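All values below come from the heavy atoms of this structure, side chains included, with hydrogens, waters and symmetry mates left out. Since the model is a prediction, treat every value here as computed from it, not as a measurement. Below, chains carry the letters A, B, ... as their sequence lines are ordered, and counting in each starts from 1.
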2 protein chains.
Amino acid sequence: MSPVSRLPVRALAPRRHDEILRRLSAQGSVSVAELAEFFDVSRETIRRDLKLLSDQGRLGIVHGGAASFEPSEPAMSLRSQENAAGKAAIGRTAAGLVRDGMVVFLDSGTTTLAVAHALTELRDLTICTASLKIALHLCHVPGMRVHVLGGEIDPGEEAASGIDTLDAMARFRVDVAFLGGGALSPDGEVTDFTRAGAEQRGRMIALAGKAYFVLDSSKFGKLTPLRIPNFERAAGVIVDADPDLALVEALSQKGPELIVAS
Amino acid sequence: MSPVSRLPVRALAPRRHDEILRRLSAQGSVSVAELAEFFDVSRETIRRDLKLLSDQGRLGIVHGGAASFEPSEPAMSLRSQENAAGKAAIGRTAAGLVRDGMVVFLDSGTTTLAVAHALTELRDLTICTASLKIALHLCHVPGMRVHVLGGEIDPGEEAASGIDTLDAMARFRVDVAFLGGGALSPDGEVTDFTRAGAEQRGRMIALAGKAYFVLDSSKFGKLTPLRIPNFERAAGVIVDADPDLALVEALSQKGPELIVAS
DNA sequence: CATTGATGTTGCAATATGTGGCAGCGAACC
DNA sequence: GGTTCGCTGCCACATATTGCAACATCAATG
């Protein structure tokens, strides 16, 4: 859409966005009607604001308004419902790349959780993850040794993050890593929401023998702000549907193999 | 347009869902009538909400309301059912020893999980734990910063343990620690099942400003093999029923205060 | 085991909300 | 000055949510 030349820094719109996000983190949810009255703009304008923020992944749109991802337990479970079939297919394909005896790193996220489910078919794996849900799930599978990375928990991801996590990661010798991401940008690169996330994933690419990104089709063409370091050294990107041709070509230029799960 | 038209400031659907699930995990069950009154919506609406959540497998609908599934692992969930009332009382008493702003260590185990539940009444705590369940639960409570200790997961405890965990523990400055244990032996000492567990608890006693053991009455008079180092330096032992007199006297000889929750 | 009050179910209408098209307006640019 | 572009509001129409009412079920009690 917009040729990325410069960000239009209007005075009014960003002010609304800030306030919307502030309210969201304070109250958990906001309604379109309430915001329209507060800013004295039309409801359409508010909806456009919410759509924008939603595309950036900063909130979730619901009937009547928007809800924050953070404080709500459903956020994660709801997200894991979205495109469940696609994620399951990605999980099976990912599991096909793993052999018994390997050391596997699993990133946090709903798509990697699907990979975790698929991995239960295997035996004798060492799993390394920062995700509480994944650890909790896989630790009961016979033959799996699960290591959890320490750190401060990010409630949105339900996973550890931060300095301690980066630190702990470096101690492992990882055969294959499955990483999530915020978006598959039109120029064929996986991007992330946060600085910390991008850094963590970039490091894991460097650490792992092979690193695959797992992204379901809802992430295609979205835009998130952070590039992931070392992306071109990743082994592949596993998706559940063919991206458009431009994206395929852009990706093939970068290096990582495109794998479409069926 | 919108000249202050009468806007019912009703809660958005996801907000209701969050609250319903929150109540479920707190109380185990909710009633349609109570929810309808709370949200000021009709009972049909509540039922539709419950139907939706039920379709997602997040609760079970029963006549009159809904009940929590607690889709947890049998080993752990079975244990947490035992003497639930006693554990809840211990939890409340333990929470009474905590003040806003403190750094709290929570050991793994079902009794400490009850403490975690009780701590949700507080705000502005830093939690440090090796237990996946505790981390997962508390990370969604507003005002809580949760740190998880890294390490290999023990499936029975659903918590990290081992060298890495001991290592990570040492980095924290802990105000108050709540520790589990295998048994309260007849000679007034808390003992443990495993060498690793005893070592970890002993270290935490040394690290924390105050360390309390939380033990429900099913642990009285049992015998487990490992003594816990530094036990005499613990601040107290919180239980849910009076132990017999000999045990009380033996304990008072050692040092830690005996606290009986009501 | 029958009664009775509470609860669950269904169809429907009212209202609120979402969507897409279009035009006005102001800022930036040529 | 004219043009373009993005933001905004208005409108018409599609969709979703909710409450009501009538009826079916359930479960506790005597």
(message) For the residue pair B/Arg23 and B/Phe38, would you count it as a cation-pi contact if the rule is NZ or CZ under 6.0 angstrom from the ring centre and within 45 degrees of the ring axis?
(response) yes
Over how many whole Å does the gap from [X] atom [atom1] to [N] atom [atom2] extend?
X       : N      : atom1 : atom2 : answer
B/Arg15 : D/dT17 : CZ    : C1'   : 19 Å
B/Asp40 : D/dT18 : CG    : C1'   : 12 Å
A/Ile61 : C/dG18 : CD1   : P     : 8 Å
A/Ile46 : D/dT8  : CD1   : C1'   : 11 Å
A/Phe39 : D/dG9  : CZ    : P     : 12 Å
A/Leu52 : C/dT19 : CG    : P     : 14 Å

(request) Classify the side-chain pair A/Arg227/A/Thr191 by whether it contains a donor and acceptor separated by less than 3.5 Å. (result) no
(request) Run the salt-bridge test on A/Lys254 and A/Glu189 with the 4.0 Å N-O cut-off and return the result as yes or no. (result) yes
(request) In plain terms, say whether A/Glu19 and A/Arg15 are close enough for a salt bridge, that is, a side-chain N and a carboxylate O under 4.0 Å apart. (result) no
(request) Describe, in one word, how the ring planes of A/Tyr212 and A/Phe178 are oriented to each other, choosing from parallel (under 30°), tilted (30 to 60°) and perpendicular (over 60°). (result) parallel
Can you tabulate the close N/O pairs, meaning under 3.5 Å, that link protein atoms to atoms of nucleotides 4-7 of chain C?
{"residue": "C/dT7", "atom": "O3'", "partner": "B/Gly64", "partner atom": "N", "Å": "3.2"}

(request) Report yes if a side-chain nitrogen or oxygen of A/Thr45 is closer than 4.0 Å to either non-bridging phosphate oxygen (OP1 or OP2) of D/dG9; otherwise report no. (result) yes
(request) May I ask you to verify whether the side chain of A/Arg48 and the base of C/dG18 hold a donor-acceptor pair under 3.5 Å? (result) no
(message) Can you say whether a donor on the side chain of A/Glu44 sits under 3.5 Å from an acceptor on the base of D/dC11, or the other way round?
(response) yes
(message) For the aromatic rings, using the six-membered ring if either is Trp, is the centroid distance between A/Phe213 and A/Phe231 under 6.0 Å?
(response) yes
